[in-house]
Each structure stands twice: as structure tokens, then as C-alpha cells.
Amino acid sequence: MRTLIFMSKLGKRSTAEEALQGQSLKGKTAIVTGASSGLGIETTRVLALAGANVTLAVRNVEAGEKVKAQLAAALPAGSGQLDVKALDLSDLSSVRTFAAASGDGPLDLLINNAGIMAPPLGVTAQGWESQLGTNHLGHFLLTLLLEKRLKQSPAARVVTLSSDLHRRGKGASVLTTLETDRGFTQRKYAGFAQYGDSKLANVLFVKGLAKRLPANVKAFSVHPGVIPTNLSRSMFGAAVFRAVGRLFMKSVEQGAATTVYAASAPELEGQSGAYLSDCHVETPLHEALDETLVERAWALSQKAVEPYLRS
Ligand SMILES: NC(=O)c1ccc[n+]([C@@H]2O[C@H](COP(=O)([O-])OP(=O)(O)OC[C@H]3O[C@@H](n4cnc5c(N)ncnc54)[C@H](OP(=O)(O)O)[C@@H]3O)[C@@H](O)[C@H]2O)c1
């Protein structure tokens, strides 16, 4: 049974602009992964509207530049600057190159937003099952490489997009992928089960991260709701799903609200490590609170990215 353990005035139908609660992010620096589509575009737009200078970290630079031009044309004077940089989370070398090219000043907001859902079995450049590799390991390495810059900020936040489908994940399966069967050669692959694993890994990561960060850097995981974006591209009948979904699912503006809330809400100061949904703190899957699992997943993830952490 899920319990709401923290209440804000915002809710399921709040938009990302409303989730800002009138705050200014003037002069803050932000990175949004997967800013070329869906929730990443709206998150970028609203952070820039509040004054943040945002780097769109995208695997398709041409698409990123197009989004940047559209957003820049629509944002009012006084909004933050936008820039586009290449980042392929399914290749740890690309993550390293991006982090090195991303600058060296303080970083205030890291939004680990990019993701893929339930594609046919595939592996990343380093041989990891593509969802765990992209959604979790790519962001795990990115965050560790940017940690020094986050610590330089007076008040930084790391927001990682998980999903309510993390409840379908299995801790034991996450550990097996990380430890012994990275490419799913010894087990049956099921797209949504492994999506659940990758999103459980996101929640475990945030729990482990929050324990390790100094007081000036907070970490949150987020379920954005169900929004008809390109995420469903691998699903059977995706176009119909999206068309029907537009009638009753969250809009993209509403879908980006919990991310923006996690990135900016003052009332979350004492809640680092929390899992958020509909602009509230919510209890994740019981397993995600298991300290032994959090630490085991952390150690194995660190081992997986270790060669890319060394200078
Ligand atoms: N939409 C929902 O209902 C829902 C529900 C729960 C959780 N979420 C989570 O919310 C986040 C955003 O999803 P969305 O709905 O906005 O989906 P989306 O429209 O498909 O956007 C996903 C973004 O991630 C990028 N991406 C995918 N693989 C990448 C890689 N290897 N390297 C760098 N970027 C990569 C995509 O780039 P391309 O455009 O180049 O493909 C795209 O920009 C995801 O983490 C997702 O799991 C969404």
C-alpha cells in the first residue's frame, strides 16, 4: 500500500510552471539529459523561463539544436541561455566526453531525465542490457563525473527520472544484471520487466547518492505520471496509445511538474533521497528502501563504470 507522507499544495494536474511556485532560478546552471523530446523539452523550457542557463544533453545534436531554436524563439527576454551538447548515455565513453566538455564551474541542477522503455533486447557499447545501461548506468556515471561541480554550488539538486513501474522491478534481477549477466545471455528478456529493473535501479541510486552527498547537494527520484510521449515508441500500437492517451493522461506540461518541483521546492530541503510523484513525497517499493540492496547496487554500479571514472 502506497502512502503519501508529505503534502504540498501542488498535485497531479499541476503544470511545471506552477510547480516553480514563483521562484527565480536566475544565474543557475542546469543540465537536462534527453532534452530533445517529451518531458525533457518542457523541463528545459520552464527552467530557462525561471532564468536558469540550461545545457540540453542529447544524443541527436541536430534534434537538440532544433528544440533549442524553438524554445529560444518562444522564451521571453530575461530567460536563461540554452546550449546543446552531445551525450549518448548508452556509451560510457560518450558520458565521459560530455562531462569533460560540459564546463568546470558550479553546477546547480542535474536533471537525469533521458530514458528508453521496453525496446527489443539490445546492449550498450559496453555490453549492458540497453535499459539498465542507458537509464541507470549512464546516469550513474554522469552524476559521479559531475559531482565535483555539484559540490561547488551553494545549493545543488540532482533529479533522476524513475517511474511508478519501478514497482515491477526486482532487486535480485538488477544485481544479477550488474554482477553476472550484463547482456541477458543467461535469462529470458522481457522489455517491461527490465524497464522496471532499470527504474528500480534509479530509485536505489538516489537513495545511495543522498547518503554520500554533502549537505549542499540534494538528490530526488521522480515518477512523472503517465504522459503520451515518444517513450512508448517500442510498444505495440504506440500511435493509438498516444492519441487516446492525450484525452485522459497527463499533458507534457503536467508531466514535467514533479521534476521541476524536485529541482526547486524549498520544502524539500530536508527530504534528500526521497521518491516523488504528483509533486509529493511518496513511499517507493519496499525493496527500494532496503539498505543492503542500495549498497550492493551502488558497489556493483561503481565497479561497472570504474574504468570511466579514472582520469
Ligand atoms: N512518459 C511517461 O509516461 C513516463 C512515465 C514514467 C517515467 N517516465 C520517464 O521520464 C523520462 C522522460 O521520458 P519521456 O516520456 O519524455 O520520453 P521521450 O519523449 O521518449 O524522451 C526520452 C529522451 O531520452 C533520450 N534518450 C534515449 N536514449 C538516450 C541515450 N542513449 N542517450 C541520451 N539520450 C537518450 C531521447 O532521445 P531521442 O529523442 O534521440 O530518442 C529523448 O530525448 C524517462 O526517463 C522515462 O523513463 C516517463
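For reference, positions follow the sequence shown, starting with 1. Numbering of ligands and ligand atoms starts at 1, following listing order. None of the values given here were measured: they were computed from a predicted structure.
Between Thr134 and ligand 1, not a single N/O pair is under 3.5 Å apart. The N/O atoms of Lys199, backbone and side chain alike, include one that comes under 3.5 Å of an N/O atom in ligand 1.
When non-hydrogen atoms are compared, ligand 1 lies under 4.0 Å from the side chain of Ile116 (C-beta onward) but not from its backbone. Contacts of Tyr195 with ligand 1, taken as heavy-atom pairs under 4.0 Å, involve the side chain alone. Residue Leu89 touches ligand 1 through backbone and side chain together, judged by heavy-atom distances below 4.0 Å. Under 4.0 angstrom from ligand 1, there are no non-hydrogen atoms of Met117. Of the heavy atoms in Met249, none comes closer than 4.0 Å to ligand 1. Looking at Pro224 against ligand 1, only its side chain comes within 4.0 Å, counting heavy atoms.
Screening Trp128, Tyr308, Trp298 against Phe140 for a ring-ring contact (aromatic ring centres under 6.0 Å, His included) leaves a single residue, Trp298. Among Arg59, Arg96, Gln126, the single residue meeting the side chain to side chain donor-acceptor pair (under 3.5 Å) criterion with Asp91 is Gln126.
Smallest separation of non-hydrogen atoms from Asn230 and Ser37: ND2-OG, 3.1 Å.
Within 6.0 Å of NZ in Lys170 there are 12 or fewer heavy atoms belonging to other residues, nucleotides or ligands.
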Inset, instruction - Mind running side chain to side chain contact (heavy atoms under 4.5 Å, CB included) on Leu268 and Arg157 for me, showing each step along the way? - result: CA-CA 10 Å; Leu268 291 175; Arg157 292 197 180 180; 3.9 Å; yes
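For atom 44 (C) of ligand 1, the nearest non-hydrogen atom from the set Val32, Asn113, Leu39 comes from Asn113. Distances from atom 33 (C) of ligand 1 to the heavy atoms of Ile41, Leu87, Leu56 put Leu87 nearest. With Pro228, Ser163, Gly225 as candidates, the residue nearest to atom 5 (C) of ligand 1 on a non-hydrogen basis is Gly225. Distances from atom 22 (C) of ligand 1 to the heavy atoms of Gly115, Ala35, Gly38 show the closest one on Gly115.
Residue contact check: Asp88 has heavy atoms under 4.0 Å from atoms 30 (C), 31 (N), 32 (N) of ligand 1.
One side chain, Thr177 or Arg187, offers a donor N or O that lies under 3.5 Å from an acceptor on the other. A side-chain donor-acceptor contact under 3.5 Å links Thr33 and His139. In summary, the side chains of Thr29 and Arg149 do not present any donor paired with an acceptor at a separation below 3.5 Å, with no hydrogens or angles considered.
Counting heavy atoms from C-beta on, the side chains of Thr134 and Thr124 come closer than 4.5 Å.
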